[in-house]
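Input: a single structure, listed below in structure tokens.
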There are 2 protein chains.
Amino acid sequence: MTRAESETLLRSLGLRPTPQRMLILQAILNSPGHICAEDIYEQVREEYPHINISTIYRTLELLKEHHAISVTDLGQGSVLYELLKEERHHHMVCLCCGKILEFDHRFLEPLEASLEEGYRFKAQIDHFAIFGLCADCQGEEDD
Amino acid sequence: MTRAESETLLRSLGLRPTPQRMLILQAILNSPGHICAEDIYEQVREEYPHINISTIYRTLELLKEHHAISVTDLGQGSVLYELLKEERHHHMVCLCCGKILEFDHRFLEPLEASLEEGYRFKAQIDHFAIFGLCADCQGEEDD
DNA sequence: TCCAATTGTGCAATTAGTTGCATGTGCATA
DNA sequence: TATGCACATGCAACTAATTGCACAATTGGA
Ligand SMILES: [Zn+2]
Ligand SMILES: [Zn+2]
Ligand SMILES: [Zn+2]
Ligand SMILES: [Zn+2]
């Protein structure tokens with residue numbers, strides 16, 4: 001079922017639906033939220049043990065360029081990937097407790113508008129991470 | 001002259017002003033804009049050939065934690081460092097031509113205010129990179 | 001001044017991610 | 001169905017950055 005879905009998605013992007021790419025995309029589709037390259041690798045290896053980690057990274061790079069997925073550093077050791085949907089969202093990451101909160105893309109629209117107005121710059125903000133202090137951690141010294 | 005400056009800065013942060021740290025800080029102070037770890041390394045090595053690259057990274061991490069410098073990925077192979085001044089600025093990076101433009105921190109103040117209003121989240125945005133298309137590159141297919 | 005505790009450094013090993021190159025595969029065309 | 005070409009993959013080498021550990025330097029207190 002997701003096999004057909006991922007094939008369709010790849011074709012719609014003009015990418016060849018190879019078995020490796022379909023499995024990579026399925027791993028991302030099946031993941032409830034953010035997923036790292038290593039976890040994708042392990043998931044794909046169960047079905048296709050011969051796959052190489054560089055194929056994972058190259059496919060992720062391709063999907064990112066086509067804005068099919070987002071690639072974001074949320075401050076954990078490795079970068080996280082997520083399927084990009086119509087409704088974009090972004091994250092606030094607490095530097096103190098590590099909590100990850102979510103906010104809607106409309107919070108960024110005024111910024112996009114002002115950069116376009118001021119510089120004719122068209123921002124492409126797929127999935128942002130903004131670091132700071134959450135409500136619980138303000139006033140604590142452990143910054 | 002900058003030797004005294006860097007020593008003062010380190011002491012004001014509560015950090016020991018070791019020769020390595022002073023030279024690292026001076027390399028950043030002397031750099032007109034953004035500088036990468038490797039360039040700092042080479043500059044410091046001229047005065048202190050024995051220094052190890054991990055000392056560079058550890059010192060940079062320390063300075064970042066104290067908000068003395070910013071650490072930003074502007075899409076070049078390695079991360080760039082810059083002295084943080086009172087007047088903060090950020091950058092727009094063109095995905096097409098690679099141009100790096102600058103904008104003032106006040107463009108981000110409405111976003112900071114709305115995140116605080118909406119989530120009581122205190123964003124700490126030292127030095128941002130926003131990717132997109134510059135005025136010259138809009139309408140070009142090479143995205 | 002001496003000593004112990006704390007902090008900083010060098011070194012080597014490790015991790016995450018990238019790249020060049022030779023081989024393999026998918027797909028259009030005949 | 002066969003052939004050729006562009007694209008995709010595996011592999012090994014590489015780069016940027018991080019970490020564990022032993023030793024070195026600095027500090028503050030006896
Ligand atoms: Zn997300
Ligand atoms: Zn928190
Ligand atoms: Zn800058
Ligand atoms: Zn441009």
Side-chain angles (χ1 to χ4, degrees), chain A residues 3 6-28 34-45 47-66 68-81 129, chain B residues 6-7 9-25 27-28 34-45 47-66 68-82 129:
Chain A
R3 178 173 238 118
S6 54
E7 178 167 352
T8 306
L9 178 45
L10 284 165
R11 284 197 196 281
S12 76
L13 299 172
L15 299 172
R16 285 191 194 164
T18 67
Q20 293 95 327
R21 287 177 177 175
M22 307 223 298
L23 289 166
I24 291 166
L25 202 42
Q26 280 168 55
I28 299 169
H34 308 122
I35 185 169
C36 72
E38 198 62 33
D39 289 352
I40 296 171
Y41 184 42
E42 299 201 340
Q43 230 175 289
V44 171
R45 254 202 305 194
E47 290 250 326
Y48 195 110
H50 187 57
I51 196 160
N52 189 276
I53 189 78
S54 61
T55 301
I56 307 279
Y57 282 113
R58 276 192 281 236
T59 300
L60 292 170
E61 173 66 17
L62 257 184
L63 293 171
K64 170 194 139 194
E65 278 169 9
H66 286 79
I69 61 170
S70 65
V71 183
T72 314
D73 184 354
L74 290 176
Q76 311 172 239
S78 46
V79 155
L80 298 178
Y81 303 87
Chain B
S6 54
E7 179 169 349
L9 179 44
L10 285 166
R11 284 197 195 279
S12 77
L13 299 172
L15 300 172
R16 286 191 196 164
T18 66
Q20 293 95 326
R21 288 177 177 173
M22 306 224 299
L23 289 166
I24 291 166
L25 201 42
I28 299 169
H34 308 122
I35 185 169
C36 71
E38 198 62 33
D39 289 352
I40 296 171
Y41 184 42
E42 300 200 339
Q43 231 175 287
V44 171
R45 257 201 303 194
E47 290 250 327
Y48 196 109
H50 186 58
I51 196 161
N52 189 275
I53 190 76
S54 60
T55 300
I56 306 281
Y57 282 112
R58 275 190 282 233
T59 300
L60 291 170
E61 174 67 17
L62 257 185
L63 293 171
K64 170 192 140 195
E65 279 169 8
H66 286 79
I69 62 170
S70 64
V71 183
T72 316
D73 184 354
L74 291 176
Q76 310 174 238
S78 46
V79 155
L80 298 178
Y81 303 86
E82 190 176 27

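Residue numbers start from 1 in every chain, and the chains themselves are labelled A, B, ... in the order their sequence lines are given, proteins ahead of strands. Computed from a predicted structure; not experimentally measured. Values below: all heavy atoms of this structure, side chains included; hydrogens, waters and symmetry mates excluded.
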*Minimum heavy-atom distance between A:Val71 and A:Val79, given as atom pair plus value*: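 Residues A:Val71 and A:Val79, closest heavy atoms: CG1-CG1, 3.2 Å.
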_Nearest non-hydrogen partners of A:Leu23 and A:Glu47, listed with the distance_ =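 Heavy-atom minimum between the residues: CD2-OE1, 3.8 Å.
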*Report the distance from atom CD of A:Glu7 to atom C1' of C:dC27, rounded to the nearest whole Å.*
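It is 13 Å, rounded to the nearest whole Å.
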*How far does the helix from C:dT1-D:dA30 to C:dA30-D:dT1 bend, going by the axes of its first and last five pairs, to the nearest 10°?*
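Nearest ten degrees gives 20° for this helix.
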Do any side-chain atoms of residues 11-21 of chain A form donor-acceptor pairs under 3.5 angstrom with protein atoms, and if so which ones, sequence neighbours left out?
residue	atom	partner	partner atom	Å
A:Arg11	NE	A:Glu7	OE2	3.3
A:Arg11	NH2	A:Glu7	OE2	2.9
A:Ser12	OG	A:Leu9	O	2.7
A:Thr18	OG1	A:Arg21	N	3.2
A:Gln20	NE2	A:Tyr48	OH	3.1
A:Arg21	NH1	A:Arg16	O	3.2

*Just checking B:Arg45: base, sugar-phosphate only, or nothing, at a heavy-atom cut-off of under 4.0 Å?*
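Touches nothing.
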*Just jot down the salt bridge (charged side-chain N to carboxylate O under 4.0 Å, His left out) partners of A:Glu61, sequence neighbours excluded, or say none.*
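With neighbours one apart ignored, the set is A:Lys64.
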_Within 6.0 Å of CD in B:Gln76, more than 12 heavy atoms from elsewhere_ =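 Yes - once you tally the heavy atoms of other residues, nucleotides and ligands closer than 6.0 Å, there are more than 12.
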*Sugar-phosphate means primed atoms, P, OP1 and OP2; the rest is base. With that split, encode nucleotides 9-18 of chain C 5' to 3' as B, S or - using protein heavy atoms under 4.0 Å.*
BBB----SBB
Run the side-chain hydrogen bond (donor to acceptor under 3.5 Å, both in side chains) test against [X] and tell me which residues pass, sequence neighbours left out.
X: A:Ser78; answer: none
X: A:Asp73; answer: none
X: B:Thr72; answer: B:His127

*First contact, last contact: which nucleotides of DNA chain D are these for chain A, 5' to 3', heavy-atom distance under 4.0 Å?*
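Under 4.0 Å from chain A, the extent on DNA chain D is D:dA6 to D:dC11.
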*asked:* List the residues meeting side chain to side chain contact (heavy atoms under 4.5 Å, CB included) with A:Tyr57, not counting sequence neighbours, and say none if there are none.
replied: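 Per chain and number, A:Tyr57 pairs via side chain to side chain contact (heavy atoms under 4.5 Å, CB included) with A:Ala37, A:Ile53, A:Tyr81.
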_A:Thr8: side chain to side chain contact (heavy atoms under 4.5 Å, CB included) partners, not counting sequence neighbours_ =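 In terms of side chain to side chain contact (heavy atoms under 4.5 Å, CB included), with neighbours along the sequence ignored, A:Thr8 is linked to no residue.
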